[in-house]
Amino acid sequence: MWPLVLVLLWGCLLFPGCGALVGPKEISGFEGDTVSLQCTYREELRKHKKYWCKESGFFISRCSSTVYAGDDGQERTEGRVSLQDNPQELTLKVTLRKLTLQDAGKYFCGVSKLGRDESFLVSLLVFPGTLRPSTQPEPTSTEDIRPAPSRTSLSRVSIPMVRILAPVLVLLSLLLAAGLAALGSYLLRWRKEAQLATETQRNEKVHLSHLNQTLSEQDPGVFG
């Protein structure tokens, strides 16, 4: 367990932006609904450009259909997606309107910066309208706006690079544990062999001493 923890800590040290963005890992809604989420960022990212995009690519994650937030703090809408950056509260509000089944997937809430952008992955689940519970009242408008989740519901940061490296980190921890076990087994075997060699030498000395004493008693002239 400890080797894996140390490897994960090393990963955070390797990527200095670890923890710079937080938000919900998953949001959901029915067809036709409007859902919102809130991304919270650190002070050093206040003046950087914020964006929302859909994940694409099989082996390397990249953005598609990117929407950028405005610089004036006003809500900016592009298609069915609206973004509003609030530098005073260090939050980015993302609103998705009139959900369709095709909207389901993974999205990045990100901040543009030199080098690697700061971002985390959000999963969007969209359920067919026919599955909507019958006890739920129908919305009075075409939009069913859901409140943004509170800060207490925000999950830990989820960085795409960590998700990619997770299998490698697990493999490294297993290899480290196997190496430590092999080293311990070798040291134990070496100690036993050293003890056996010492005991053998001691027995040989006792045997020679006893043999010399026997010969001396039988023929004193030999050692006289």
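Taking every heavy atom of both residues into account, Ser82 and Thr77 meet most closely at OG-OG1, 2.7 Å. Heavy atoms only, all atoms of each residue included: Cys39 and Val94 are closest at SG-CG2, 4.4 Å. Considering every non-hydrogen atom in both Val111 and His48, the closest pair reads CG1-CB, 3.3 Å. Minimum interatomic distance between Leu21 and Phe120 (heavy atoms only, all atoms of both residues): CB-CD2, 3.7 Å. Taking both residues in full, the closest heavy atoms of Pro128 and Leu101 are given as N-CD2, 3.8 Å, listed atom of the first, atom of the second, then distance. Between Asp85 and Ala69, the shortest heavy-atom distance links the atoms CB-CB, 4.1 Å.
Side-chain atoms of Arg80 come within 3.5 Å of backbone atoms of Arg97 as a donor-acceptor pair (strictly under, hydrogens ignored). Judged by distance alone, the side chain of Ser64 and the main-chain N or O of Lys54 form a donor-acceptor pair under 3.5 Å.
Between Tyr107 and Trp52, the ring planes lie parallel to each other; the angle is under 30°, not in the 30° to 60° tilted range.
By the side chain to side chain donor-acceptor pair (under 3.5 Å) test, Asp117 is found to be paired with Tyr51, residues two or more places apart in sequence or in another chain being considered. By the salt bridge (charged side-chain N to carboxylate O under 4.0 Å, His left out) test, Arg62 pairs with no residue at all, sequence neighbours left out.
Residues Leu125 and Leu131 share a single hydrophobic cluster, defined by chaining ILVMFWY side chains whose heavy atoms lie under 4.5 Å apart. Cluster annotation: Val122 is connected to Val67 through the hydrophobic network of ILVMFWY side chains, with a link wherever side-chain heavy atoms come within less than 4.5 Å. Linking Ile, Leu, Val, Met, Phe, Trp and Tyr residues whenever their side-chain heavy atoms come within less than 4.5 Å leaves Tyr68 and Val81 in two separate clusters.
The line from CG of Leu99 to CG of Asp33 is 6.0 Å long, rounded to the nearest 0.5 Å. Separation of atoms CD (Glu44) and NZ (Lys113) is listed at 8.5 Å; rounding is to 0.5 Å. Taking CG of Leu121 as the reference point, atom NZ of Lys106 lies at 5.5 Å (rounded to 0.5 Å). To the nearest 0.5 angstrom, Glu89 atom CD is 9.5 Å from Tyr41 atom OH. Leu45 contributes atom CG, which lies 10.5 Å from atom OG of Ser112 (distance to the nearest 0.5 angstrom). Taking NZ of Lys93 as the reference point, atom OG1 of Thr40 lies at 13.0 Å (rounded to 0.5 Å).
Here the options are Lys47, Lys49, Arg76, the test is side-chain hydrogen bond (donor to acceptor under 3.5 Å, both in side chains), and the partner is Asp71; only Lys49 passes.
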Practice problem: Given side-chain contact (heavy atoms from CB on, under 4.5 Å), test Leu83 with Lys50 step by step and report yes or no. | Solution: CA-CA 9 Å; Leu83 271 66; Lys50 318 302 185 307; 5.5 Å; no

Exercise. Any chance you could lay out the side-chain contact (heavy atoms from CB on, under 4.5 Å) test for Val126 and Thr100, step after step, and finish with the verdict?
Key: CA-CA 7 Å; Val126 181; Thr100 66; 6.0 Å; no

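Side-chain contact between Leu124 and Leu96 is present, with heavy atoms from C-beta onward closer than 4.5 Å. In this structure, the side chains of Leu90 and Arg46 come closer than 4.5 Å at one or more pairs of heavy atoms.
Under the 4.5 angstrom side-chain criterion for Ile, Leu, Val, Met, Phe, Trp and Tyr, Leu196 has no cluster partners at all.
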